[in-house]
Amino acid sequence: MSTSTKPNSLEDIEECKLKQLQLTLPKILWLGSYPTYLYQGFWCPVLEPTISFQTHFQAHDSDIILASLPKSGTTWLKSLIFSVVNRNKFPDLSKHPLHTQNPHELVLQFKYKLYSKIKGCQLDLTQLPSPRLLATDIPYPSLPGSIKTSKCKIVYVCRNPLDTFISLWHFNLRCERDEIITPDMIMKYFEDFCKGDFPFGSYEDHILGYWNEHTRNSNKVLFLEYEGLKTDPYDQVKRLAEFMGCPFSKVEEKGNIVEEIVKLCSLDSLKEKEVNKSGKFYDFVENNALFRKGEVGDWINYLNPSIVKELLHDLQEKLKKSGFSFKYYQQNF
Ligand code: A3P
């Protein structure tokens with residue numbers, strides 16, 4: 001190597017190491033264009049921001065971290081967490097930030113907005129008010145050490161695999177991509193999903209990582225189910241508030257604050273906001289792609305139950321063997 005090409009700054013050295021790592025890791029091109037690497041046992045579509053997040057992020061005891069697989073209800077939980085934590089700051093719900101800001105603006109995702117090298121995507125963490133509300137899709141074992149060792153709280157939301165997949169499928173159709181996706185490719189994508197070959201997969205490892213930590217320490221990790229929030233939003237939002245250290249008082253409950261927050265954060269309410277109907281918070285997709293049907297069991301409209309049963313077998317067995325079962329969702333074929 002000539003002296004002129006030798007890395008000289010810390011950044012150059014990090015970039016060099018990253019390139020070497022990329023050469024050694026198994027890789028797929030997600031949607032034909034996003035290099036996605038098998039890193040620490042999961043498929044990582046954003047290697048550089050992930051390593052940067054793992055290396056540099058210092059959790060505060062007061063942080064609240066939302067963790068989820070994409071399409072499991074992240075947007076919903078972002079709006080709920082923000083509204084519950086900041087309810088005294090915005091007592092007049094008619095002037096609430098959710099009327100003018102997309103939930104992803106209010107609870108930032110580490111990979112895109114905080115540890116991304118893309119211009120304009122490196123927001124200063126020190127400027128965030130306390131408690132800092134942040135979100136990640138990285139599996140539990142790969143979280144930065146300080147998230148695990150500090151007293152910060154993790155809210156995890158999961159969703160049944162079939163609706164998660166269908167939601168992901170529709171989202172893929174809306175994303176800018178190099179690969180042309182046609183409806184008949186749904187089975188190929190479903191097979192990949194069941195094998196764990198999709199961003200942040202596998203599904204079962206993601207869920208079990210957070211589930212195991214929740215069973216070890218339920219004060220550290222709250223485990224929520226999308227279907228539970230659909231069935232019983234009132235109780236689930238109260239659970240969320242208690243876990244985050246800001247329970248609703250009897251006076252607030254009598255004043256219907258919980259119901260009002262649930263209503264403000266509902267799919268119908270958010271879908272109607274101008275900010276969510278147009279514009280792009282993420283450069284690869286329009287905001288309105290984040291809000292679709294929000295139904296439980298929508299998968300039946302797209303997948304054949306007998307084929308699904310076979311393909312889903314290994315994933316379900318793995319969950320069952322580990323002692324995990326959904327509280328609010330029963331998979332009947
Ligand atoms: P569907 O595609 O099944 O409609 P994520 O936010 O993790 O990307 O998940 C997206 C899914 O959550 C989509 O599911 C979307 O419609 C649904 N969703 C978004 N906002 C919601 C809300 N406020 N309440 C319920 N579901 C919501």
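Read the numbers this way: they start at 1 and go in the same order the structure lists the ligands and their atoms.
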Please say whether [X] places an N or O atom under 3.5 Å from an N or O atom belonging to ligand 1.
X	answer
Leu69	no
Ser72	yes
Thr75	yes
Arg292	yes

Give a yes-or-no answer on whether the side chains of [X] and [Y] include a donor-acceptor pair shorter than 3.5 Å.
X	Y	answer
Asp184	Thr182	yes
Gln331	Tyr329	yes
His60	Ser130	no
Glu204	Gln316	no
Thr215	Asn212	no

Below 4.0 Å, non-hydrogen atoms only: which portion of [X] touches ligand 1? Side chain, backbone, both or neither.
X	value
Leu267	both
Arg159	side chain
Phe171	neither

### Query
With under 30° as parallel and over 60° as perpendicular, where do the rings of Phe326 and Phe324 fit, or are they tilted in between?
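It falls in the perpendicular class, over 60°.
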### Message
Would you call the rings of Tyr203 and Phe193 parallel, tilted or perpendicular, taking 30° and 60° as the class edges?
### Response
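Tilted, since the angle between the ring planes falls between 30° and 60°.
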Does ligand 1 have any atom that is closer than 4.0 Å to a heavy atom of [X]?
X	value
Leu290	yes
Ser68	no
Asp163	no

What protein heavy atom is closest to [atom], reported as residue, atom name and distance in Å?
atom	answer
atom 22 (C) of ligand 1	Trp76 CG, 3.4 Å
atom 26 (N) of ligand 1	Tyr226 OH, 2.7 Å
atom 23 (N) of ligand 1	Cys265 O, 2.8 Å
atom 9 (O) of ligand 1	Lys71 CA, 3.2 Å

[X]: numbered ligand 1 atoms lying under 4.0 Å from its heavy atoms:
X	answer
Leu270	23 (N)
Gly73	5 (P), 6 (O), 7 (O), 9 (O)
Ser167	1 (P), 2 (O), 3 (O), 10 (C), 11 (C), 13 (C), 14 (O)
Lys293	4 (O), 16 (O)
Ser266	23 (N)

### Query
Under 3.5 Å, is there a donor-acceptor pair between the side chain of Asn287 and the main chain of Phe281?
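Between the backbone of Phe281 and the side chain of Asn287 there is a qualifying donor-acceptor contact (under 3.5 Å).
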### Message
Donor-acceptor pair, distance only, cut-off 3.5 Å: does the side chain of Lys153 make one with the backbone of Phe243?
### Response
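Confirmed, Lys153 side chain pairs with Phe243 backbone.
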#### Entry: Residues clustered with Ile28, ILVMFWY side-chain links under 4.5 angstrom
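Same cluster as Ile28: Leu38, Trp43.
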#### Entry: Trp211 and its ring-ring contact (aromatic ring centres under 6.0 Å, His included) partner, picked from Tyr156, Phe223, Tyr140
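Going through the options one by one, the only one that passes is Phe223.
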### Query
What pairs with Lys293 under salt bridge (Lys or Arg N to Asp or Glu O under 4.0 Å), at least two apart in sequence or on another chain?
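Once residues adjacent in sequence are excluded, the partners of Lys293 under the salt bridge (Lys or Arg N to Asp or Glu O under 4.0 Å) criterion are Asp298.
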